[in-house]
Amino acid sequence: MSSKRHILTAVAWPYANGPRHIGHVSGFGVPSDVFARYQRMSGNNVLMVSGTDEHGTPVLVLADQEGVSARELADRYNRMIAEDLVALGLSYDLFTRTSTGNHYAVVQELFTGLYENDYIFARTTKGAVSPSTGRTLPDRYVEGICPICGYDGARGDQCDNCGNQLDPIDLIEPKSKINGETPEFVDTEHFMLDLPAFAQVLGKYLDSKSGQWRPNVLKFSVNLLNDLQPRAISRDLDWGVPIPLEGWSDEANKRLYVWFDAVIGYLSASIEWAKRTGDPEAWRAWWQSEDAESFYFMGKDNIVFHAEIWPAMLLGYSGRGDRGGTPGALGALNIPTEVVSSEFLTMEGRKFSSSRRVAIYVRDFLERYSADALRYYIVAAGPETQDTDFTWSEFVRRNNDELVAAWGNLVNRSISMAAKNLGAIPEAGELTGEDRRVLADSRAAFDTVGEHLNRSRFKAALQEAMRTVAEANKYISDQAPWALKKTDPKRMETVLHVALQLVSDAKTLLTPFLPASCNKVYAMLGGTGVWSGMPRLEEAVDSIGGEEGSSVYPVITGDYAGNEARWESTPIRPGTPLSRPEPLFAKLDPSVADEELARLEEKAGE
RNA sequence: GGGCCGGUAGCUCAGCAGGUCAGAGCAGGGGACUCAUAAUCCCUGGGUCGCGGGUUCGAGUCCCGCCCGGCCUACCA
C-alpha cells in the first residue's frame, strides 16, 4: 500500500439565510462525510473543512425585512446550520464561517495576489440603485416588462417567459422587487476577474481530468471554456469583505462579491484550523504539497464556481494563469483534484423551494428520525448522478426493509443468539468450505466497496456493503445454528463465531455511511475505544469581520485521528462477553408516510 | 436564446467505452424456517428501454430532429 495521503475534503458552504433542508445535505453534506470517514479509515490524513456563507444580497435583504442587522441574521443561521450538521454526524475538522477576521484577511490576500499578477482589472458599468436606500439592486432584484416579448414580470437578468438574457436597464417600467420603487441607473466601477486569461491553462487542467471526474461535471465545465467572460468580483454593498486597495478599502459601499469570498473559505478555513491546532503552518500539507489531493463536494448549481472560477483564482494567485506571474505571499496553491457534484433532490415530485415552503428541514427531520436513517436514505436513493425524488413512503420502506429488517436484524439475531446461549463470543472450531467462502467474500468486500468509495460512487458502495449483510443473513438461515444447539453444539459455536465475524465486517463496511449505529455495534462486540469519531460543537473566539474586539461563535470540530476504525476485517476476540442487544434502529409505522405528507401539504398551503 | 443532465418493469433506480443489456431492489404471487424489531431464506419479473428518423451485420448503448422534466447562464446544493 502507498503511504498516507493528504486528502482535503472541501465541502460546499451552506448559505446562512435560513435553515438547510434535506436536499442541501444530500448535495454536499452526507456524500462528503462518507468520503472523509472512509479516507480516514484507510489511514489517510484527511482535512475536512466548510462553514456558513454569510455575505451577499439575500442575507441583507432578509435582514432588512426582519429589521435586524445582516450580522445578527448570519449569527442566527450560522448557529442553526452548525447545530444541524453536527446532529447529522458530519465529521468536519473545522466548520466555521465567512465573517471571521481570518477569512477577511485570507480573502484580501488572494485578491491582492490576483491583482498584482494582473488577473483583476477595473471596469465601469451601469448599476441599478434604490433611491430610498442608496443601495445597489442586483439584477435579479429588478423586475419589469420584457423589452423582447412584453412579458410583465421579467427579471433584470433574464425573462422567465421568453428566456432571453436581459440587462436591467433595458426593462420597461423597471421596479425594485424589494420595495417596488423605480431604480435609478448610475455609473459604478467594479473589479473583474479576467477569466479569459485562464482559457489555456483551464483547458489543459480539464483535459487531464478526463475519465476521472463524473462525466456530467466534466462536460459542463469544458463547455464553459468556449465562452469565458470577465466576471465582476465586487458589488455596491456594505455587507462583505472590503477591497484591499488604496481608495477602496475605506469605501463603505464597495465589497467583494459573495461568490469570490465564499470559495476562498476552503483555504481560510484550512488556515484557521491550523491556527487552532497550534501549528499555524499545518494547512500547507494539504494545499502546497505536490501529492496532496483535494475533493470538492457540492450540488450541481455550483459546478461553475468549483471547476472554473476557483481553479482560475488559485492559478492566478499562484502565477500560473496564461499570463504567468509570481505566487503571492502564501505561496503557490493546489487546484482541485476532483470536483464531485450531486444532482438535485425533489420532494414528493416537486422542486424544493423555501419560498413556497416545499421543504423538509434537517432540523425537523432529525427531531423525529435518526441521523443514520436519513444518511442511509440519502446515499441509497439520493441524487448522486441524476435528480431523484424523495418520498416519505420510500423513506419508510427503506428504513424498515433495509436498515431495520436486513442490517439491524442481522446484528440483533446473531448477537442475541450468541449472548443467550453462550454469553460470549465463541471460538471457531474447524471451518467448513462454506464458512471459508463466506468469510473470504466478506474480506473481499473491503476492496470492492473501497474502490467505489475512492471514485465517489457512494450508491454502488452502499449496495455492495449491503450485499454482505444479505449474504450474512443467508448464511445464518442456511446454517440454522438454532437447530444445532442440541445436535451439534460445537458446530453451533463455530457458526455463531463466523456470523459474528460477518457482523463485525459489515459494521466496518457500513461505518462511513452509518457512523452512529456502527459505533454501537462496535461496542456491542466488546469494543472499548472510539470507533469512528463524532463531531462536536465548540464555542470559538475570533475577531469577527476584521473588526476590533472579538466575538464568540460556534465551530464544528472533532477528534478523528486516534479512531479505532480501520478499513479492514478485524478478527473478533473469542471470550468477549456479550449481552442481549438493544435494537439498532426504530421501525416506522407506515402511517408515518401519510402523516408527514399531510404535514408537508399543510405547510405548503400556508 | 445558449449550455449540461435526465426520461429503462406498478414504484425507486443500475446499465462505463455498441453485439448474454433488457437488469437490481421493493411491491405482488408461492414455499421454507422460527434465532431475531412477524424479521430471515428460497422460487416467481418478460417492460414499444420518451417519440420519429438515420448510421451499422447488429443500438437504451452512436448521429439528427421533436416532446417532457431538472439545473446553469453573476450566486436557494
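Below, read A as the first sequence line, B as the second, and so on, with proteins coming before strands; counting in each chain starts at 1.
Between T468(A) and A506(A) the shortest heavy-atom distance is OG1-CB, 4.0 Å. Across every non-hydrogen atom of A499(A) and S414(A), the tightest pair is CB-CB, 4.4 Å.
M298(A) places its CE atom 18 Å from the P atom of rC75(B), with the value rounded to the nearest Å.
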- Query: Nucleotide by nucleotide, 5' to 3', does protein get under 4.0 Å of the base (B), only the sugar-phosphate (S), or neither (-) in nucleotides 37-42 of chain B, counting heavy atoms?
  - Reply: B-SBSS
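Nucleotides rG18(B) and rA59(B) are separated by 6 Å at their C1' atoms, to the nearest Å. Nucleotides rC16(B) and rG7(B), compared at atom P, are 11 Å apart to the nearest Å.
Below 30°, between 30° and 60°, or above 60°: for Y296(A) and Y266(A) the angle between ring planes is above 60°, a perpendicular geometry.
Considering only side-chain N and O atoms, K420(A) lies under 4.0 angstrom from the phosphate OP1 or OP2 of rA36(B).
Closest-nucleotide positions on RNA chain B for R231(A) and T388(A) were compared, and the one nearer the 5' end corresponds to T388(A). Where L237(A) and V304(A) each meet RNA chain B at their nearest nucleotide, the meeting point lying more 5' is that of V304(A).
When distances run from any side-chain atom of W482(A) to the nucleotides rC76(B), rU34(B), rA14(B), the shortest one goes to rU34(B). Set against rC75(B), rG70(B), rA74(B), the side chain of F344(A) has rG70(B) as its closest nucleotide. Of the candidate nucleotides rG3(B), rC75(B), rA14(B), rG3(B) has the atom nearest to the side chain of N223(A).
With ring centers used as reference points, F513(A) lies 6.0 Å or more from F458(A).
For Y257(A) against rC75(B), a side-chain N or O and a base N or O form a donor-acceptor pair under 3.5 Å.
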